[in-house]
Each structure stands twice: as C-alpha cells, then as structure tokens.
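Here the structure is a predicted model, which means the values were calculated and not measured.
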Amino acid sequence: MGSASPPSVRTRVRRSPRRADYEPHTVAGILDEGLVCHVGIAVDGQPFVLPMAYGRVGGVLYLHGSTASRTMRIFAADAPVCVTVTLLDGLVLARSAFHHSMNYRSVVVLGIARPVTGDEQRLTALRAITEHVVPGRWAELRPPTGAELKATAVGALSLSEASAKIRTGPPIDDDADLGADLWAGTVPLRLQAGRPQADEHVPPGTGLPRALAADPRCRSPQEEPQS
C-alpha cells in the first residue's frame with residue numbers, strides 16, 4: 001500500500017510508513033466516508049483544533065462557518081491550516097498493554113484554505129457540504145437567502161498536500177507472549193445511525209424525505225437487504 005510518491009515532505013508519514021497511502025483515490029474515499037473533520041489553526045501563537053462539517057469536489061475540500069468566526073478570519077489571512085479526518089474501525093486488544101492499538105483510516109491535509117468569493121461559487125461549496133452529509137438533501141431545501149449567504153464564509157483547501165494512514169488486522173504481539181493464556185483480537189466498530197425523528201413542526205402523516213428514505217444509514221437492521 002502506498003506505492004505513489006509522497007506529495008510533499010510535510011505530508012510524508014514517518015511513523016509506521018508501511019501504513020501510509022498517498023493515492024488520491026484513497027484520500028478521497030476516506031474523506032467521502034467521514035462526516036466531521038478537525039481543523040487546526042493558530043491564533044496569536046495559540047493552537048486551536050475545531051470540528052467542522054465539510055464537502056469535497058474533486059481535489060478541493062470545502063469548509064464553512066460564520067463570517068464572524070476566527071477560523072474564517074484565518075482563512076482570509078492566507079494562514080496555514082491542518083485538516084484531519086479519522087474513521088475508527090475497531091479496537092485492537094493485544095496480550096500486552098504496549099501492543100494495544102486501534103484499526104483506523106485517517107487523512108491529513110496541509111495547506112492554505114482560500115476564501116471562496118462570489119455567490120455562485122459559495123452555493124456550489126455549500127451544496128457540496130450539504131450533499132456530503134445527506135446525499136440528495138440539497139434539492140429538498142429552500143435556497144439560501146442573501147442574508148444567509150452574507151453570514152456564511154467558505155474556505156477552499158486543495159488536496160494537493162494530503163496523505164492517508166491506515167491500520168487493519170489483528171494485534172501484533174511479541175512472540176514470547178503468544179502462548180499466554182490471554183484473549184487477544186479485535187472489536188469491530190462502526191458509526192450507526194438511528195431512526196429519523198421528526199421535529200414537532202412536521203405535519204402529521206408527513207413521510208420521510210426522499211434523501212433520508214434512500215439513505216442506507218437510516219434503515220433498521222430488519223430493513224437491510226438480505227445477501
């Protein structure tokens with residue numbers, strides 16, 4: 001895994017490099033499956049890491065927030081940022097505390113998030129973010145108003161400096177521990193959506209919107225198609 005050349009010295013994985021993957025399709029796949037990214041910024045020398053929703057269009061990651069937020073002001077100042085996304089796939093329980101680990105897929109993106117200007121460009125970005133959370137939802141919504149667009153800032157971050165790191169499989173124990181009378185293995189994890197719950201203002205008898213009805217995350221286990 002990870003036969004492509006690292007896109008930059010900064011994103012080259014140094015710890016356990018065998019788990020690195022620099023292929024754009026691997027990076028894109030992890031970003032597309034995740035829902036929340038963490039954006040690292042520095043304000044007056046103080047680091048901050050903030051969770052944000054995001055969307056991807058090709059080789060660009062879109063981030064959004066209030067025009068009054070300091071994160072968006074950092075974007076406007078052409079300051080460097082670090083964006084990370086992690087998918088936790090399982091707990092790895094070894095025969096020693098030292099070799100306990102987790103199975104995961106993660107992405108780190110470095111660069112400068114440029115402000116997205118122009119209503120059409122910002123609408124494209126906001127649609128990408130909305131569609132990333134629930135595909136098909138944008139077409140069901142009323143369009144953003146002018147006031148809402150003015151209150152929303154959008155940053156665009158190139159994926160040209162991005163790397164993925166992936167761990168899979170069982171624990172890697174020392175040979176001397178393999179004969180110990182201890183359980184070792186993995187505990188698979190996944191993000192599971194619950195049944196959609198309408199708020200109090202939805203008229204009685206209103207069915208699920210098409211976007212949710214088509215979303216496999218919103219099906220109960222009994223509704224899953226049989227293989």
Side-chain angles (χ1 to χ4, degrees), residues 1-42 46-56 61 63 80-111 132-133 157 159-195 215-227:
M1 184 170 58
S3 59
S5 298
S8 74
V9 174
R10 298 194 303 169
T11 53
R12 180 169 62 87
V13 175
R14 293 168 173 80
R15 176 66 177 168
S16 300
R18 67 187 181 280
R19 295 177 180 161
D21 194 325
Y22 305 103
E23 294 289 352
H25 68 85
T26 302
V27 170
I30 295 171
L31 293 175
D32 290 350
E33 187 172 341
L35 289 174
V36 177
C37 71
H38 286 85
V39 182
I41 60 173
Q46 171 62 55
F48 293 91
V49 178
L50 306 169
M52 297 182 69
Y54 65 92
R56 182 185 69 87
L61 197 68
L63 308 164
V81 301
C82 175
V83 175
T84 65
V85 171
T86 301
L87 306 176
L88 183 58
D89 295 322
L91 307 178
V92 180
L93 308 183
R95 292 167 177 82
S96 67
F98 181 80
H99 287 299
H100 272 57
S101 187
M102 295 184 183
N103 284 334
Y104 61 87
R105 290 163 288 154
S106 64
V107 164
V108 172
V109 186
L110 300 176
H132 176 68
V133 176
L157 178 63
L159 297 176
S160 58
E161 281 195 276
S163 62
K165 191 175 181 182
I166 301 169
R167 191 204 189 278
T168 61
I172 303 173
D173 275 305
D174 294 336
D175 290 343
D177 292 330
L178 295 178
D181 187 17
L182 291 169
W183 189 93
T186 60
V187 180
L189 298 176
R190 67 173 181 172
L191 183 66
Q192 179 64 53
R195 303 270 303 171
D215 194 329
R217 295 172 297 181
C218 296
R219 297 175 185 156
S220 67
Q222 293 77 17
E223 295 173 322
E224 291 290 344
Q226 299 297 314
S227 57

To check you understand the geometry: which heavy-atom pair defines the closest contact between [X] and [Y], and what is its length?
| X | Y | answer |
| --- | --- | --- |
| His132 | Leu31 | CE1-O, 3.1 Å |
| Gly34 | Leu87 | CA-CD2, 3.6 Å |
| Gly111 | Arg10 | N-NH2, 4.1 Å |
| Thr86 | Ser106 | OG1-CB, 3.8 Å |

So, the side chain of [X] versus the backbone of [Y]: is there a donor-acceptor pair under 3.5 Å, distance only?
| X | Y | answer |
| --- | --- | --- |
| Asp21 | Val27 | no |
| Arg167 | Gly169 | yes |
| Tyr104 | Lys165 | no |
| His99 | Asp173 | no |

Any side-chain heavy-atom pair of [X] and [Y] under 4.5 Å:
| X | Y | value |
| --- | --- | --- |
| Asp89 | Thr168 | no |
| Leu35 | Arg217 | yes |
| Tyr54 | Val85 | yes |
| Cys82 | Val108 | yes |
| Ile166 | Thr26 | yes |
| Val81 | Leu63 | no |

More than 12 heavy atoms of other groups within 6.0 Å of Leu178 CG: yes
Nearest-0.5 Å distance that lies between atom CG in Leu91 and atom NE2 in His100: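 Between atom CG of Leu91 and atom NE2 of His100 there are 9.0 Å.
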Point-to-point distance, once rounded to the nearest 0.5 Å, from CZ of Arg95 to CD1 of Ile172: 12.5 Å
Any residue meeting side-chain contact (heavy atoms from CB on, under 4.5 Å) with His38, in chain and number order, not counting sequence neighbours: Val36, Val49, Pro51, Thr84
Any pair counted as side-chain hydrogen bond (donor to acceptor under 3.5 Å, both in side chains), so long as it reaches residues 177-187, sequence neighbours left out: none
With Arg56 via side chain to side chain donor-acceptor pair (under 3.5 Å) - residues at least two apart: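 With sequence neighbours excluded, Arg56 shows a side chain to side chain donor-acceptor pair (under 3.5 Å) to Asp32, given in chain and number order.
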